[in-house]
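Here's the structure, in structure tokens; my notes come after.
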Amino acid sequence: MFFGFTVRGTAVLAVALAGFAVSCDADRAPAAATAPADGGALGPSDPNPSAPSPTGAPTPPAAGAELVRDAFAGLQATLDDSCTPGNCAYVLGRLDDELHSMDRAMKADPKGPGHFPEPIALIAKLDQELGGDRSTPNLEKHKSLLVGTRDRINTWMQGHPDDYR
């Protein structure tokens with residue numbers, strides 16, 4: 001009888017597929033494990049994830065930390081999004097998430113947060129204006145600031161291609 005049509009063959013196949021799925025997921029770090037509890041950017045009281053080691057050499061990014069290149073790709077993916085009735089909450093929430101992914105990636109980069117002063121300052125200004133309120137009404141109220149922050153960071157990054165290529 002063909003392997004796939006026996007009860008034993010089906011069980012073996014199920015176990016093999018389950019093992020494969022577990023091994024694939026083992027390489028991924030949960031996003032929440034690298035983000036602050038509030039889901040926002042690292043703040044002044046947060047430890048510097050890229051602080052130099054006691055020897056002065058930069059420390060490697062934490063396991064699971066997103067690369068600036070990948071975070072920038074996510075931010076650029078929002079360039080064609082538009083806030084239309086029915087999807088505005090999604091678009092603005094996604095834009096806020098991508099900006100904060102970018103912020104965390106820049107702060108965790110081996111070059112250190114000092115390499116990205118303008119983008120980090122822009123996101124800090126955005127956070128100050130949002131006042132910790134990431135509700136849809138508040139994001140809609142600050143829509144132009146969200147979009148402007150994204151656009152200014154995009155322009156800054158275009159002038160620093162070595163950081164995303």
Side-chain angles (χ1 to χ4, degrees), residues 25-54 56-165:
D25 287 341
D27 293 336
R28 293 188 207 164
T34 59
D38 67 355
L42 297 174
S45 63
D46 294 321
N48 180 351
S50 61
S53 69
T59 56
E66 187 173 21
L67 298 174
V68 170
R69 175 193 69 211
D70 298 335
F72 184 51
L75 187 63
Q76 283 191 306
T78 68
L79 289 172
D80 291 330
D81 289 348
S82 59
C83 197
T84 59
N87 81 335
C88 200
Y90 166 78
V91 168
L92 295 177
R94 178 179 176 210
L95 180 53
D96 184 60
D97 289 344
E98 295 294 346
L99 285 166
H100 288 92
S101 290
M102 187 78 188
D103 188 56
R104 286 187 300 273
M106 290 182 296
K107 288 176 178 176
D109 190 86
K111 294 176 184 174
H115 183 73
F116 306 96
E118 186 175 336
I120 290 173
L122 289 168
I123 294 169
K125 180 181 176 189
L126 171 68
D127 285 342
Q128 186 177 17
E129 290 292 321
L130 291 175
D133 181 1
R134 290 192 160 67
S135 67
T136 298
N138 197 44
L139 293 178
E140 287 175 347
K141 177 181 171 186
H142 294 93
K143 175 184 168 189
S144 62
L145 181 60
L146 277 161
V147 172
T149 301
R150 179 210 48 209
D151 293 346
R152 289 180 67 189
I153 290 172
N154 182 53
T155 299
W156 189 91
M157 289 295 293
Q158 294 298 328
H160 298 81
D162 58 312
D163 292 320
Y164 64 89
R165 289 191 177 153

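In this structure, Val91 and Ser82 approach most closely via the heavy-atom pair CG2-O, 3.6 Å. Scanning all heavy atoms of the two residues, the minimum distance from Arg94 to Gly74 falls at NH2-O, 4.1 Å. The two residues His100 and Asp127 have their closest heavy-atom pair at NE2-OD1, 2.5 Å. Across Ala105 and Ala71, no two heavy atoms sit closer than the pair CB-CB, 3.8 Å. The nearest pair of heavy atoms linking His142 to Glu129 is NE2-O, 3.4 Å.
Atom CG of Leu75 sits about 12.5 Å away from atom CG of Asp70, to the nearest 0.5 Å. One finds the CD1 atom of Ile153 at 11.5 Å from the CZ atom of Phe116 (value rounded to the nearest 0.5 Å). To the nearest 0.5 Å, the span separating CG on Asp133 from CG on Leu139 amounts to 7.5 Å. Taking CG from Leu126 and CG from Leu145, the interatomic distance works out to 5.0 Å, rounded to the nearest 0.5 Å. Once rounded to the nearest 0.5 Å, the distance linking CD1 of Ile123 with CZ of Arg104 reads 9.5 Å. Considering CG of Leu92 and NZ of Lys141, their distance stands at 14.0 Å, rounded to 0.5 Å.
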Next on the checklist: Checking Met157 against Glu118 for the side-chain contact (heavy atoms from CB on, under 4.5 Å) test, could you report, in this order, the C-alpha distance in whole Å, the side-chain angles of both residues, the deciding distance, and whether it holds?
Outcome noted: CA-CA 10 Å; Met157 289 295 293; Glu118 186 175 336; over 6 Å; no
Item to check | side chain to side chain donor-acceptor pair (under 3.5 Å) between Thr84 and Asn87, intermediate numbers included | outcome: CA-CA 6 Å; Thr84 59; Asn87 81 335; 2.7 Å; yes
Next on the checklist: Does Asp96 form a side-chain contact (heavy atoms from CB on, under 4.5 Å) with Leu130? I'd like the steps, not just the answer.
Outcome noted: CA-CA 10 Å; Asp96 184 60; Leu130 291 175; 3.7 Å; yes
Checklist entry - How far apart are the C-alpha atoms of Thr78 and Leu99, what are their side-chain angles, what is the distance that settles it, and do they pass the side-chain contact (heavy atoms from CB on, under 4.5 Å) test? => result CA-CA 10 Å; Thr78 68; Leu99 285 166; over 6 Å; no
Checklist entry - Going through the checks in order, is the side-chain contact (heavy atoms from CB on, under 4.5 Å) test met by Met102 and Glu98? => result CA-CA 6 Å; Met102 187 78 188; Glu98 295 294 346; over 6 Å; no
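Every residue two or more places apart in sequence or in another chain was checked for a side-chain hydrogen bond (donor to acceptor under 3.5 Å, both in side chains) with Thr155, and none qualifies.
Looking at heavy atoms from C-beta onward, Leu122 lies out of side-chain contact with Trp156 at the 4.5 angstrom threshold. Using a 4.5 Å heavy-atom cutoff, the side chains of Asp151 and Leu79 are in contact. Side-chain contact check for Phe72 versus Met106: every heavy-atom pair is 4.5 Å or farther apart. Side-chain contact between Val147 and Ser144: absent, with no pair of heavy atoms (C-beta onward) separated by less than 4.5 Å.
Within a 6.0 Å radius of CG in Asp162, other residues, nucleotides and ligands contribute more than 12 heavy atoms.
Judged by distance alone, with hydrogens and angles left aside, the side-chain atoms of His115 form no donor-acceptor pair with the main-chain N or O of Lys111 at under 3.5 Å.
A salt bridge does not link Arg150 to Asp81: none of the charged side-chain nitrogens sits closer than 4.0 Å to a carboxylate oxygen. For Asp163 and Arg69, the salt-bridge test fails: no basic side-chain N is under 4.0 Å from an acidic carboxylate O.
Within the structure, disulfide bond (SG atoms under 2.5 Å apart) contacts touching residues 79-165 (residues at least two apart or in different chains) are Cys83-Cys88.
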